[in-house]
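Working notes, beginning with the structure itself.
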Protein chains: 6
Amino acid sequence: MGREVTLTRVYHFSAAHELANPALSRAANAALYGACHRPHGHNYYLEVSVAGVPDPVTGMAVDLAALDTQVERLVLDEVDHRKLEDAPALARVITTGEGLARAFWRVLARVVEPTGSLRRVSVVETAKNRFEYRGESE
Amino acid sequence: MGREVTLTRVYHFSAAHELANPALSRAANAALYGACHRPHGHNYYLEVSVAGVPDPVTGMAVDLAALDTQVERLVLDEVDHRKLEDAPALARVITTGEGLARAFWRVLARVVEPTGSLRRVSVVETAKNRFEYRGESE
Amino acid sequence: MGREVTLTRVYHFSAAHELANPALSRAANAALYGACHRPHGHNYYLEVSVAGVPDPVTGMAVDLAALDTQVERLVLDEVDHRKLEDAPALARVITTGEGLARAFWRVLARVVEPTGSLRRVSVVETAKNRFEYRGESE
Amino acid sequence: MGREVTLTRVYHFSAAHELANPALSRAANAALYGACHRPHGHNYYLEVSVAGVPDPVTGMAVDLAALDTQVERLVLDEVDHRKLEDAPALARVITTGEGLARAFWRVLARVVEPTGSLRRVSVVETAKNRFEYRGESE
Amino acid sequence: MGREVTLTRVYHFSAAHELANPALSRAANAALYGACHRPHGHNYYLEVSVAGVPDPVTGMAVDLAALDTQVERLVLDEVDHRKLEDAPALARVITTGEGLARAFWRVLARVVEPTGSLRRVSVVETAKNRFEYRGESE
Amino acid sequence: MGREVTLTRVYHFSAAHELANPALSRAANAALYGACHRPHGHNYYLEVSVAGVPDPVTGMAVDLAALDTQVERLVLDEVDHRKLEDAPALARVITTGEGLARAFWRVLARVVEPTGSLRRVSVVETAKNRFEYRGESE
């Protein structure tokens with residue numbers, strides 16, 4: 001792992017959401033999530049960190065164009081200017097920052113291999129809250 | 001006006017919205033507003049600029065605690081962690097940045113007098129879009 | 001002017017430049033501009049402020065899609081990932097922040113009318129330097 | 001004024017302060033200023049806006065090196081890494097943001113003429129509070 | 001550790017401080033700490049990183065309300081709008097960024113367990129200086 | 001390693017560059033690097049992370065003044081307000097973010113020992129792209 005460089009690429013999307021576990025009553029969800037149970041939204045930043053050994057010919061460790069294409073197709077097209085609870089990619093996911101970070105990791109881990117090794121997916125919900133996931137095998 | 005200092009105070013709220021004119025059809029709204037017609041949301045920043053001549057005893061031009069109380073009661077409690085279209089304070093307002101800036105100005109202009117003169121209301125929707133309103137009499 | 005809202009839209013480009021007046025000698029330019037005489041570059045932010053009365057049907061004061069199209073065609077395509085001295089749109093312009101702000105204003109003032117009234121063009125060169133131009137008739 | 005460009009230059013200093021009017025009792029100051037009566041401090045940003053018509057030979061409206069020298073000598077050397085109440089330049093000034101903006105304006109207005117026309121002095125106390133002063137003759 | 005998500009929560013406080021080791025002479029402290037020996041202050045950001053496996057019912061890995069309560073009671077109430085050298089929680093601590101990060105870690109490590117596992121405490125003193133501590137057992 | 005604190009110090013430089021492998025044809029470089037093959041530039045941030053156990057006498061883990069001196073001499077003087085391809089310190093380096101992070105690491109690793117242990121060198125090229133290198137032995 002010693003000669004690897006890690007690239008972190010920052011993406012943005014604006015989405016609505018409302019925290020609720022569909023197995024719980026409306027009152028139980030309101031008690032559990034407080035104001036976050038009401039419909040609201042965020043300007044989310046998604047930070048994808050991918051590592052690789054720089055190619056001696058190109059000087060690049062990661063195929064950034066390929067990464068952008070995958071993130072746009074698999075994540076941003078699903079969630080940008082949408083309600084997160086309506087996104088098929090997030091079916092059965094409670095849309096906490098924790099839930100989003102793990103869901104985006106799972107979607108990206110399957111396809112990012114040719115562009116580098118996925119190391120971290122971070123979801124920045126507000127200037128005060130950041131959620132990081134590094135996968136199940138760490 | 002010469003000796004006045006202008007204070008700009010920055011507030012934050014997270015809200016959902018979807019752009020639509022209720023007088024138009026769903027298809028017309030979709031054509032008009034594009035992706036913004038779908039439910040989505042933002043971390044909004046509301047910047048309220050108030051001017052006054054500093055009081056020689058206190059060194060302050062604006063009663064910041066009073067301003068905070070008014071903005072919280074009249075704006076933030078109405079919109080934070082809510083869908084903007086559900087806020088009574090925004091009834092009959094299309095929730096564009098332009099619409100929000102004017103609506104918040106009107107609400108604040110009535111009450112801010114004792115704390116200083118309202119000079120500008122800015123709504124920052126994303127890092128790329130800022131909307132400023134300076135009132136009807138400029 | 002009283003009912004107008006001002007939209008500020010933020011654009012980004014990365015460019016190289018080197019300050020020099022071609023009428024001066026190399027030594028004179030080096031003395032005049034110091035380190036800025038050497039080739040270097042910036043992540044520039046271009047902020048375009050356009051004002052208009054919100055349309056009662058759409059709630060929008062400015063046609064943002066049209067503004068984006070014009071700025072991309074007339075400014076960003078000319079300067080992004082280029083050396084500013086090579087851009088035809090900047091012929092005979094010394095590429096100081098002052099020069100860029102006025103040059104971008106002139107290019108945009110001709111075309112922005114249908115999307116709103118151009119009010120200000122700001123060029124942010126670094127986190128420490130911002131240049132604003134409001135046109136010749138202020 | 002029509003052909004002028006305005007440069008805003010951003011400076012930084014870290015200072016301690018405590019709000020108090022020396023003519024008042026300790027209890028009166030505590031009641032007036034609340035937590036701000038206790039010794040605390042900030043990373044202040046000082047934004048100095050100076051306007052001028054760009055020189056046709058240099059492309060510059062403002063002599064930035066001269067401006068930096070004046071601001072460093074007259075302001076930053078007085079307040080950086082100091083307690084504001086100990087700075088001779090702030091004698092008899094209550095160190096509110098309003099007081100600082102006016103005090104820095106007065107100091108700079110006397111000397112900035114050869115580098116351009118002083119237009120605005122802004123003091124950014126925290127991410128939530130900004131104070132602007134445009135002089136007595138506006 | 002594989003399924004854990006790490007939440008980083010950002011807090012803010014404004015404080016005065018002056019670097020000095022009470023065992024040294026005034027001249028020795030001045031020589032050692034330079035300008036930082038003089039009373040000054042900062043807008044500090046405190047970033048607390050806590051990890052946990054998301055609860056399948058709530059989708060949350062960390063009890064954010066409990067974390068906020070602990071950080072406010074044990075840290076912010078002690079240091080916000082105060083001189084750091086006066087805070088009982090910082091007795092015998094030289095208030096460098098290194099000292100603050102370790103002191104805040106020790107205070108939080110004792111109580112954060114029910115809300116998740118403390119992973120990192122970062123103190124951001126200025127835009128140029130960040131200090132991170134990950135505890136003694138790493 | 002348990003009692004170490006990590007300091008991250010942020011530096012800034014403005015530079016021009018153009019991506020090209022001199023072993024390839026102009027057309028091959030244009031195909032490989034796209035717009036980045038053209039001369040352009042950035043406001044780069046260089047973040048240097050150094051770890052150490054805080055000295056019980058000074059409370060400091062890192063000699064910050066010594067670190068600044070080394071980074072200025074070995075990196076900033078080489079690249080600030082220059083074209084990266086002209087910097088002797090970057091001879092035979094393709095100036096991708098990956099290449100810069102590794103080159104700056106190698107330069108600093110040789111000299112940073114007396115000021116602490118070098119842990120990470122990050123190059124922030126734009127608000128969207130960050131490159132991190134942690135050395136060959138991790």
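Since we're looking at a predicted model, the values are computed, not measured. These numbers come from the heavy atoms of this one structure, side chains and all, not from hydrogens, waters or symmetry mates. The chains referred to below are lettered A, B, ... by the order of the sequence lines, with proteins before strands, and numbering in each begins at 1.
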Rounded to the nearest 0.5 Å, what separates atom [atom1] in [X] from atom [atom2] in [Y]?
X        : Y        : atom1 : atom2 : result
E:Met60  : A:Leu32  : CE    : CG    : 4.5 Å
E:Arg3   : A:Tyr133 : CZ    : OH    : 7.0 Å
A:Lys128 : E:Asp68  : NZ    : CG    : 8.0 Å

Inset, instruction - For the pair A:Glu98 (side chain) and E:Ala61 (backbone), establish whether a donor and an acceptor sit closer than 3.5 Å, ignoring hydrogens and angles. - result: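 Yes: the side chain of A:Glu98 pairs with the backbone of E:Ala61.
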Inset, instruction - Spell out, as yes or no, whether a donor-acceptor pair under 3.5 Å connects the side chain of E:Thr8 to the backbone of A:Arg130. - result: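 Absent.
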Inset, instruction - Take A:Asn129 and E:Leu64 through the side-chain contact (heavy atoms from CB on, under 4.5 Å) test and state the conclusion after the steps. - result: CA-CA 10 Å; A:Asn129 286 340; E:Leu64 197 49; 4.1 Å; yes
Inset, instruction - Evaluate the side-chain proximity of A:Glu132 to E:Val5: yes if any heavy-atom separation is below 4.5 Å, no if none is. - result: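 Side chain of E:Val5 against side chain of A:Glu132, heavy atoms only: no contact under 4.5 Å found.
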Inset, instruction - State, with a plain yes or no, whether a side-chain heavy atom of E:Thr58 is found less than 4.5 Å away from one of A:Tyr33. - result: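 Result yes, sub-4.5 Å side-chain heavy-atom pair found.
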Legend entry - Contacting moiety of A:Ala23, where chain E heavy atoms sit under 4.5 Å: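 Contact with chain E: none, neither part.
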